Novice: 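The following block contains the structure, expressed as structure tokens.
Just so it is clear, the structure is predicted and the values come from calculations on it, not from any experiment. In the text below, chain A, chain B and the rest are named by the order of the sequence lines, each starting its count at 1.
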Amino acid sequence: MYWADELAAAVSGPQVVNDSKSPSGTVHVGSLRGVVLHDAIHRALLGAGVASSFLYGVDDMDAMDSQAKLTPDAVDRYMGAPLSRVPAPEGSSAANYARHFVGEIFFRTFEPLGIKPELYWVSELYAEGRMDSYVKLALDLADRVRDIYRRVSHVERSSEWLPIQVICESCGKIGTTYATDWDGATVAYTCKPDMVSWAQGCSHEGRVSPLGGQAKLPWNLEWAAKWGLLGVTIEGCGKDLATAGGSRDRSDAIGREVFEIDPPRNVAYEFLNIGGRKMSTSKGQGVAAHTIAEVLPPEQLRFLFLRPRPNQVIDFDPEGDTIPRLFDEFDRIAAATAGREVKGELPADHERLFAYSLLGPSPDVAEAAAAFRPAFAHLALLLQIPGVDMAERMAAEKGAPLTVLETAVLTERTAAAHAWLESYAPERARLVIRHDAVPDEVRGLDDDQRGYLAALATAADSEKPGSGDAWQALIFRVATDAGLPAGRAFGALYAAFLGRANGPRAGWLLASLEPAFVMARLRAAVGVTD
RNA sequence: GGGCCGGUAGCUCAAUGGUAGAGCAGCAGACUCUUAAUCUGCUUGUUGAGGGUUCGAGCCCCUCCCGGCUCACCA
């Protein structure tokens with residue numbers, strides 16, 4: 001059974017699926033895995049007749065720790081401040097940085113993937129006082145929290161440390177304050193200049209109530225508090241958090257022992273590496289989500305994440321044949337889902353995998369599976385030939401007019417293929433007419449092939465073929481007359497014009513070129529010998 | 001140091017403990033119209049190493065080796 005369906009079959013009663021993200025920094029392709037997984041789980045639950053809601057929390061009380069998109073003077077002032085209180089970058093109409101980030105960047109990635117969770121803002125949970133009972137519990141039971149840190153993660157906290165982060169009344173930062181002395185109503189705090197390396201506190205000392213949005217729980221407690229408040233029953237997390245003694249263990253323990261709730265069911269998922277390595281912006285390996293989305297349409301991107309089991313590392317190297325192969329595999333699964341015979345093995349429950357790869361919430365699986373989908377590599381090749389009417393050509397290949405859906409698929413793939421040719425496509429996928437000189441590859445032709453080129457030049461000179469059809473017919477006729485197998489005839493043409501052993505339909509290729517150039521090149525190639 | 005994932009054909013990966021398989025690549029062939037398409041055929045293995053359990057191990061147990069990621073500061 002497909003893993004998400006297995007999970008859906010294992011639970012009972014209404015489910016709340018939750019995911020969250022701190023709204024700063026770049027969204028890597030890898031960070032999309034979580035949200036796609038949660039979406040698939042949510043859909044699997046609904047499909048199994050289980051009531052389910054899918055929540056997505058924006059952790060906008062988190063401190064600003066990434067200076068991306070801020071002006072230099074703003075960096076000093078706002079590093080360490082809650083993201084909900086950092087102004088949006090210049091030119092943005094958003095109310096604050098977090099809103100800007102989510103609105104402008106994150107959801108431009110989510111929505112095209114057909115993922116529409118119920119959004120909530122953590123800063124609002126605090127401001128509305130909904131977190132207050134958890135804040136009080138955490139402070140009342142600070143001893144127990146410290147014990148959990150020590151026992152589960154071997155993290156030693158000072159005996160005066162309190163699990164709360166106050167927003168400094170003087171400088172507005174939350175990442176720099178250290179709180180002590182909870183008296184049941186207020187805590188004392190110091191805004192420390194050297195609390196963290198990425199932000200500087202103002203040295204202010206004060207005493208405030210930690211309720212009503214003036215403070216936030218540290219990460220692990222906040223996570224557990226959200227589970228309790230929202231009744232979360234399923235929440236997966238990346239393996240960085242799921243490691244033994246890591247964040248998840250800590251939050252689970254806090255949930256059980258401090259807030260007295262049952263932690264949600266976990267789905268630990270592996271990362272997505274690029275070429276066997278972790279994604280890293282500094283090494284030029286960090287592929288931003290929106291970048292990869294140009295080359296992979298939503299369905300293929302979902303497919304990439306949903307095909308392996310969650311605990312399987314995905315090694316995605318956009319270079320080489322990876323992307324065309326991904327499309328081919330998707331098309332193969334589509335064909336199998338439509339009931340057509342396909343070569344090779346199929347993953348377990350391939351039709352479920354296919355359905356979840358389609359955009360939700362309830363796609364027409366049968367129509368999508370049956371749709372005509374041009375092979376990606378084929379499309380990329382045709383794109384490079386001038387004068388090809390793609391829609392017409394595809395209708396001809398299909399043998400019937402394209403449906404609305406098929407036209408949309410074609411448009412989407414054409415854009416992806418364009419982007420691919422400009423970015424990741426290997427040289428051999430790129431078609432270059434060798435205008436400058438006769439390619440060296442012509443030396444490898446034999447006398448029959450040279451004779452063929454000469455004969456073709458002569459025939460073309462008198463017949464002057466003006467269309468792809470006319471050229472194609474002529475190419476075949478001259479080959480037949482010369483007793484040369486079609487394959488070798490085409491090979492000679494590709495060598496002469498492209499310097500390669502193969503290529504797109506030669507007739508249309510030649511028809512797209514200057515007639516004078518074509519004639520000159522045919523004759524020039526004849527004269528080249530070893 | 002702890003944790004997780006992996007090591008199976010050139011590459012990417014499959015195989016409820018029961019005859020090691022696919023796709024791609026490669027090679028050979030077919031094709032008067034998708035010539036990077038399509039079709040046919042073929043080749044390739046000390047399943048990382050060693051031990052154990054079993055009638056039987058790629059799979060389970062133990063010990064190693066290798067690769068990758070990750071945690072221990074913050075979120």
Novice: Heavy atoms from C-beta onward define the side chain here; which of B:rA75, B:rC5, B:rA72 lies closest to that of A:D62?
Specialist: B:rA75
Novice: Could you check how far CH2 of A:W471 sits from P of B:rU34, rounded to whole Å?
Specialist: 19 Å
Novice: What contact category does A:K216 fall into here, base, sugar-phosphate, or nothing, at under 4.0 angstrom with non-hydrogen atoms?
Specialist: sugar-phosphate
Novice: State the dot-bracket string of RNA chain B. Criteria: Watson-Crick or G-U wobble, both atom distances under 3.5 angstrom; notation: ( ) intrastrand, [ ] crossing earlier pairs, | interstrand, . unpaired.
Specialist: (((((((..((((....[..)))).(((((.......))))).....(((((..]....))))))))))))....
Novice: Considering only atom P, compute the distance from B:rC13 to B:rU8 and round it to an integer number of Å.
Specialist: 10 Å
Novice: For A:L509 and B:rA37, what is the distance between atoms CG and P respectively, to the nearest whole Å?
Specialist: 17 Å
Novice: Between A:V58 and A:L119, what is the shortest heavy-atom contact and its length?
Specialist: CG2-CD1, 3.6 Å
Novice: What interatomic distance, in whole Å, is found between P of B:rC66 and the corresponding atom of B:rA49?
Specialist: 15 Å
Novice: Would you say A:S158's side chain and A:E160's backbone share a donor-acceptor pair under 3.5 angstrom?
Specialist: yes
Novice: Could you give the CZ-to-C1' distance, from A:R307 to B:rA22, as a whole number of Å?
Specialist: 14 Å
Novice: Rounded to the nearest angstrom, tell me the gap between atom CG in A:L381 and atom P in B:rU38.
Specialist: 13 Å
Novice: With C1' as the reference atom in both, quote the distance from B:rG17 to B:rC24 in angstrom, rounded to an integer.
Specialist: 30 Å
Novice: Identify, between A:Y494 and A:G246, the residue whose nearest nucleotide on RNA chain B lies closer to the 5' end.
Specialist: A:Y494
Novice: May I ask you to decide whether A:D252 forms a salt bridge with A:R248, counting only side-chain N to carboxylate O separations under 4.0 Å?
Specialist: yes
Novice: Categorize A:R157 for me: base, sugar-phosphate, or nothing, with a 4.0 angstrom heavy-atom threshold over every strand shown.
Specialist: sugar-phosphate
Novice: On a whole-Å scale, what distance lies between the C1' atoms belonging to B:rG21 and B:rA15?
Specialist: 7 Å
Novice: Which value, in whole Å, describes the distance between the C1' atoms of nucleotides B:rG52 and B:rC71?
Specialist: 33 Å
Novice: Is any side-chain N or O of A:Q165 closer than 4.0 Å to OP1 or OP2 of B:rA75?
Specialist: yes
Novice: Could you tell me how far B:rG58 sits from B:rC64 if I compare only their P atoms? Round to whole Å.
Specialist: 23 Å
Novice: With a 4.0 Å cut-off on heavy atoms, is A:S197 in touch with a base, just the backbone sugar-phosphate, or nothing at all?
Specialist: nothing
Novice: Taking atom C1' of B:rA37 as reference, at what distance in whole Å does atom CZ of A:R373 sit?
Specialist: 19 Å
Novice: Has A:R85 got more than 12 heavy atoms of other residues, nucleotides or ligands less than 6.0 Å from its CZ?
Specialist: no
Novice: Classify A:L241 by what it touches in the nucleic acid, base, sugar-phosphate, or nothing, heavy-atom distance under 4.0 Å.
Specialist: base
Novice: Taking NZ, NE, NH1 and NH2 as the nitrogens, is one of them in A:E329 or A:R332 under 4.0 Å from a carboxylate oxygen of the other?
Specialist: yes
Novice: Just by protein heavy atoms under 4.0 Å, how would nucleotides 24-33 of chain B read 5' to 3' in B, S and -?
Specialist: S-------BB
Novice: Given the P atoms of B:rC11 and B:rU47, what is the spacing between them in whole Å?
Specialist: 16 Å
Novice: Looking at B:rA72, B:rA75, B:rC5, which one has an atom nearest to any side-chain atom of A:P218?
Specialist: B:rA75
Novice: Checking the side chain of A:S251 only, and the main-chain atoms of A:N220 only, is there a donor and an acceptor separated by less than 3.5 Å?
Specialist: yes
Novice: If you compare every side-chain N and O of A:R248 against the phosphate oxygens of B:rA75 (OP1, OP2), does one of them come in below 4.0 Å?
Specialist: no
Novice: With rounding to the closest Å, how many angstrom separate the C1' atoms on B:rU44 and B:rU54?
Specialist: 31 Å
Novice: Does any residue of residues 173-180 of chain A have a heavy atom under 4.0 Å from RNA chain B, and if so, which ones, in number order?
Specialist: none
